[in-house]
Amino acid sequence: MFCTCEIYHQRDDAAEAFMETHYSPARIEQKWQQAWENNQNFRVVEDATKEKYYLLEMFPYPSGRIHMGHVRNYAIGDVVARYKRMRGFNVLHPMGWDAFGMPAENAAIEHGTHPAKWTYENIDSMRVQLKRLGLSYDWQREFATCDPEYSRWEQLIFLKMLEKGLAYKKSSSVNWCPDCQTVLANEQVEEGSCWRCNNLVETKELEQWFFKITEYADELLDFTDQLPGWPERVLAMQRNWIGKSYGCEIEFSVVGGQQGIKVFTTRPDTLFGATFMSLAPEHPMVKQLVTAEQQVEVDAFLATVSTQDKVARTSGELEKQGVFTGSYSVNPLTGEQIPVFLANFVLMDYGTGAVMAVPAHDQRDFEFARKYQLPIRVVIQPEGQEDLIPEQMTEAWTGGGLLVNSGDFNGQPNDDAKEKIAAYLDERGEGHKTVNFRLRDWGVSRQRYWGTPIPIIYCDACGAVPVPEQDLPVLLPDDVELTGEGGSPLARHEGFLQVDCPRCGQTARRESDTFDTFVESSWYFARYACPDFSAGPLDRDAVNHWMPVDQYIGGIEHAVMHLLYARFFTKVLRDLDMLDVDEPFTNLLTQGMVCMETQRCPEHGWLYPEQVKDDACIECGASVDLGRTEKMSKSKKNVVDPNQLIERYGADTARLFSLFAAPPEKDLEWNEQGVEGCSRFIGRVWRAVVENRDLVSNCSPLGEVDGAAAELHRKTHQTIKKVSEDIDGRFHFNTAIASVMELVNAIYAFKAKEDDAAVVREALEAMVRLLAPFVPHLCEELWEVLGYEHGIESHGWPQWDEAALKTSEITLVVQVNGKVRGKVDVATGADNQVMEAAALADPNVQRYMEGKQVRKVICVPGRLVNIVVS
RNA sequence: GCGAGAGUGGCGGAAUUGGUAGACGCGCUAGAUUUAGGAUCUAGUGUCCCGUGGCGUGGGGGUUCGAGUCCCCCCUCUCGCACCA
């Protein structure tokens with residue numbers, strides 16, 4: 001058919017030509033994201049012919065909107081994934097959703113939206129946002145942890161742990177808001193009050209489920225020495241958290257009582273100085289120790305302590321308080337009767353919940369003794385100092401020294417006495433050496449709706465009965481009303497609660513608590529190996545193929561909890577025969593925070609960047625105060641929305657700036673002008689290719705080159721080497737990008753003639769391929785402009801040619817007495833004599849040697865000559 | 001208090017094993033583009049007196065032919081832990 005309006009056709013052609021010569025991120029980013037999806041470029045299956053590489057970034061909570069922290073985290077990961085893929089690895093790079101948690105319940109309470117609806121809608125919108133960044137995930141492995149298919153297997157793992165005795169139930173104290181009738185996490189207690197209703201928080205004893213992480217304490221600690229790919233500070237934090245300490249358990253008998261009191265101490269050497277004893281208020285022996293005369297006082301004290309929340313109890317700022325029980329115990333070495341106190345700073349869940357108090361040598365005991373006028377006895381005298389006199393002491397002496405007032409042990413160095421007193425006690429059956437951990441078992445019960453139900457049924461006759469495997473998963477009921485008050489909605493949901501006992505068939509009730517959401521994130525990385533496996537939690541073959549994660553990337557805020565729980569779970573899964581590795585993450589990269597300057601208007605408070613124009617508030621025109629640079633947060637309004645950024649500059653620019661502005665492990669300071677700079681660089685890259693397209697198309701192969709062309713050729717290969725080494729292992733993306741910028745500058749500076757086309761083409765191709773992991777859309781498009789049909793990754797990573805790096809001459813620095821006085825060119829590979837001769841011949845060098853005697857000449861081949869004169 | 005890390009131009013940051021300190025980018029300055037430009041290109045930009053020179057990596061000492069880098073002392077900042085017996 002004829003067209004009646006040929007003019008429009010011409011216009012279309014013109015428009016097309018325009019679009020192809022002008023960089024349009026919106027067009028090419030959409031084009032390539034579509035292409036990757038259509039071609040399934042990032043889909044991965046086990047492949048015995050390729051080396052596997054499992055790259056994982058910490059999966060996000062589906063809050064609904066991505067923030068700059070996500071952009072940075074996932075941009076870093078994507079560079080590594082794309083680079084490794086180009087290097088020929090079979091890369092597993094999955095993404096999913098840490099989908100259970102409180103924000104969904106809060107949204108339900110505030111807006112009446114069901115947590116599931118809220119969560120899945122957020123996931124849908126966040127997936128779109130992540131895809132807009134062009135991240136190379138195998139989306140077919142995506143899952144959300146709130147999916148019943150995930151819960152099913154988590155519940156099964158729990159049942160297996162129960163069988164092995166790794167999960168158990170015990171009574172434990174929690175923060176309790178009497179008004180909201182609910183349990184609060186430590187971070188929901190603000191200055192002793194409930195974050196929601198501001199009422200005073202109490203502690204309350206509740207029966208809760210625990211995972212026996214302490215059984216793995218030693219292994220978790222020992223393996224911190226076998227994780228060379230982890231940052232030292234993360235390992236240090238974990239060691240600190242595990243807190244292994246060597247000491248002694250000693251039993252003190254009670255005057256007039258049958259049962260003794262056990263204490264744990266790291267200082268058995270100070271035992272002769274124990275002048276009283278402090279027990280945790282929750283100690284099980286409190287009732288039997290309190291005498292009738294002291295009852296009233298003790299009850300008052302216990303009442304006070306119960307109003308102090310857990311955070312305050314362990315904060316260190318709390319005033320030391322205590323009360324005498326009326327009872328006495330016997331110091332096993334001195335035979336002396338010492339009073340037994342209750343003290344608010346003694347914690348029931350560390351050691352034995354009882355402390356032998358040695359006021360002369362422990363600061364807390366010292367303060368306590370002074371307050372309640374208890375005796376202080378020095379048993380260690382520091383060497384080379386004046387003797388300690390109790391009445392004159394202003395603080396405890398916690399250092400070393402020789403024992404005094406310690407019977408047969410007098411005169412011994414205290415380190416020796418630790419061993420000897422422990423041995424002596426052991427002999428007499430009054431104590432023994434032991435180790436103690438700060439790490440406590442992991443309480444996993446949460447009195448919440450939006451979590452994985454704990455698969456237990458309580459029967460009056462049979463007790464706590466596990467839900468039979470074939471009845472899994474225990475599903476959350478849909479018809480719940482979330483108000484935020486009156487405890488967990490599950491505990492009030494009769495339809496959910498009522499169930500027959502699987503063992504005896506009698507009417508029973510379900511457990512209404514759900515798991516801590518850290519449980520889901522403790523094994524998701526293994527499930528990515530087999531997301532659709534339906535015969536169990538993990539497909540052993542697939543998991544053994546992919547695990548461990550070769551590189552894990554995420555925020556430092558997870559240094560202890562998540563990363564320790566994940567390590568623990570891996571060991572549990574190993575011992576349950578579900579996988580075969582000891583540690584989940586071989587290498588860990590903890591990326592820094594994304595920060596930005598804060599801005600404040602005297603009238604309107606914190607301002608978003610878009611509320612400021614020319615350093616003035618757009619509302620009132622007042623000049624704004626620049627605050628300090630801090631982590632981006634909504635409360636300070638120092639945030640940049642990734643979606644707006646992508647709209648304005650494109651995903652490639654957003655990615656490039658995140659990677660260029662700072663090395664990954666350091667904090668990144670967001671700066672609009674820096675973003676502009678990256679955008680400009682992308683424009684330069686684009687034009688370098690487009691403007692040279694005619695020159696380099698159909699050029700002859702690269703032959704012998706010399707002069708400026710040889711220099712560009714060398715620069716190309718130097719850049720390939722530099723970028724390869726910066727990415728591989730070092731993760732110095734900022735310097736990798738900087739070196740490509742140098743190459744681009746060199747391309748611009750090079751005045752190409754017709755017969756230089758091959759050198760220019762080589763430089764352009766290297767530039768495009770080296771940038772592909774960082775700015776993939778741009779590079780795919782330019783690769784196509786350069787005439788290639790298949791995706792850029794299929795061409796692999798460029799190799800540098802060692803021969804091309806070599807120059808016939810190199811420039812040496814010549815120093816006289818360590819100061820640079822000249823530069824000379826010598827042939828590559830020149831020996832020391834040649835170097836020295838060239839250096840001595842330099843006129844300026846000679847000036848500085850005039851009238852002096854040469855003492856020594858140091859030659860560093862290829863670098864410098866240093867002439868030492870006197 | 002304990003533990004970890006950091007301190008380099010106006011700013012973000014380079015300098016991988018001790019070998020030209022300040023790569024690269026931002027900002028700034030000047031020039032070009034026969035109009036303008038928050039576009040593009042080119043050049044300059046640690047600092048000090050005029051130079052082919054002096055000084056310069058938080059401060060002080062040391063090792064070395066040579067120190068941002070190694071050793072000792074001190075100062076400042078950031079992060080984590082903190083009544084753990």
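Reminder, nothing fancy here: chain letters follow the sequence lines and each chain counts from 1. Just so you know, these numbers use all the heavy atoms, side chains as well, and skip hydrogens, waters and symmetry mates.
- Taking the six-membered ring where the residue is Trp, H562(A) and H558(A) present perpendicular rings, their angle passing 60° and hence far from 30°.
- In this structure, the NZ atom of K715(A) is 12 Å from the P atom of A23(B), given to the nearest Å.
- For R648(A), counting side-chain heavy atoms from C-beta on, the closest listed nucleotide (G38(B), A15(B), A85(B)) is G38(B).
- Shown here are the salt bridge (Lys or Arg N to Asp or Glu O under 4.0 Å) partners of K852(A), two or more places apart in sequence or in another chain: there are none.
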CA sep, side-chain torsions, deciding dist, call: Q363(A), E367(A), side-chain hydrogen bond (donor to acceptor under 3.5 Å, both in side chains): CA-CA 6 Å; Q363(A) 187 57 25; E367(A) 288 169 31; 3.2 Å; yes
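- Other residues, nucleotides and ligands contribute only 12 or fewer heavy atoms inside 6.0 Å of the CZ atom of R855(A).
- Partners of N745(A) by side chain to side chain donor-acceptor pair (under 3.5 Å), not counting sequence neighbours, listed by chain and number: R684(A).
- Using a 4.0 Å heavy-atom criterion, one finds that N436(A) contacts no nucleic acid atom at all.
- G44(B) adopts an anti glycosidic conformation, its chi angle falling more than 90° from 0.
- At a cut-off of 3.5 angstrom, counting only N and O atoms as typed in the model, there is a donor on one side and an acceptor on the other between the side-chain of R440(A) and the base of C84(B).
- The side chain to side chain donor-acceptor pair (under 3.5 Å) pairs that include a residue from residues 236-249 of chain A are D218(A)-K244(A), T224(A)-R239(A), D225(A)-R239(A), E232(A)-R239(A), Q238(A)-R567(A), K244(A)-Y246(A), S245(A)-Y350(A), where partners are two or more places apart or lie in different chains.
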Would you give a per-nucleotide map of nucleotides 24-29 of chain B, 5' to 3', where B means the base has a protein non-hydrogen atom under 4.0 Å away, S means only the sugar-phosphate does, and - means neither? BSSS--
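- Distance check on atom P: C79(B) versus C73(B) gives 26 Å, rounded to whole Å.
- Going from atom NZ of K320(A) over to atom C1' of C84(B) covers 13 Å, rounded to whole Å.
- One interatomic measurement links the two molecules: CZ of R233(A) to P of G3(B), which rounds to 17 Å at whole-angstrom precision.
- Between R364(A) and M237(A), the residue anchored closer to the 5' end of RNA chain B is M237(A), taking for each the nucleotide with the nearest heavy atom.
- Atom CZ of R863(A) has 12 or fewer heavy atoms from other residues, nucleotides or ligands within 6.0 Å.
- From M68(A), atom CE reaches atom CG of N638(A) across 12.0 Å, with rounding to the nearest 0.5 Å.
- At a threshold of 4.0 angstrom between heavy atoms, the contacts of P663(A) are confined to the sugar-phosphate backbone, with no base atom among them.
- Partners of E557(A) under the salt bridge (Lys or Arg N to Asp or Glu O under 4.0 Å) rule, at least two apart in sequence or in another chain, do not exist in this structure.
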Quick one: what's the B/S/- string for nucleotides 16-22 of chain B, heavy-atom cutoff under 4.0 Å, read 5' to 3'? B--BB--
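- With values rounded to the nearest 0.5 angstrom, R847(A) atom CZ is found 5.0 Å from N844(A) atom CG.
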Could you list the protein-to-nucleotides 43-52 of chain B atom pairs, N/O on both sides, closer than 3.5 Å?
| unit_1 | atom_1 | unit_2 | atom_2 | d |
| --- | --- | --- | --- | --- |
| U52(B) | O2' | R847(A) | NH1 | 3.3 |

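- Computed from coordinates, the R239(A) CZ to G80(B) C1' distance equals 14 Å when rounded to whole Å.
- In this structure, E691(A) atom CD and C41(B) atom C1' are separated by 10 Å, rounded to whole Å.
- Atoms CZ (R687(A)) and P (U40(B)) sit 6 Å apart, rounded to a whole Å.
- Residue R438(A) places at least one side-chain N or O under 4.0 Å from the OP1 or OP2 atom of A82(B).
- If you check every strand for non-hydrogen atoms under 4.0 Å, V355(A) touches a base.
- For the ring pair (Phe, Tyr, Trp, His ring centres under 6.0 Å) test, no residue two or more places apart in sequence or in another chain qualifies with F681(A).
- Atom CZ of F252(A) is separated from atom C1' of A85(B) by 12 Å (rounded to the nearest Å).
- Separating the CH2 atom of W686(A) from the P atom of C41(B) is a distance of 16 Å, rounded to the nearest angstrom.
- Look at the C1' atom in both G3(B) and G54(B): the space between them is 44 Å, to the nearest Å.
- Positionally, the nearest nucleotide of RNA chain B for K666(A) lies more toward the 5' end than for the other of Y748(A) and K666(A).
- Taking T214(A) as the reference, D441(A) meet the side chain to side chain donor-acceptor pair (under 3.5 Å) condition, with sequence neighbours excluded.
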Dot-bracket for RNA chain B, 5' to 3', counting Watson-Crick or G-U wobble pairs under 3.5 Å, with [ ] for crossing pairs and | for inter-strand pairs? (((((((..(((......[....)))((((((.......))))))(((....)))..(((((..]....))))))))))))....
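- U29(B) sits 34 Å from C77(B) when the C1' atoms are compared, rounded to a whole Å.
- Remark: H283(A) engages no residue in a side chain to side chain donor-acceptor pair (under 3.5 Å) (not counting sequence neighbours).
- Scored by the ring pair (Phe, Tyr, Trp, His ring centres under 6.0 Å) test, F368(A) finds F276(A), F341(A), F345(A), Y372(A) as partners (sequence neighbours excluded).
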Before you tell me yes or no, could you show the steps for F733(A) and F731(A) under ring pair (Phe, Tyr, Trp, His ring centres under 6.0 Å), namely the whole-Å CA-CA distance, both residues' side-chain angles and the distance that decides it to 0.1 Å? CA-CA 6 Å; F733(A) 308 129; F731(A) 295 148; 5.8 Å; yes
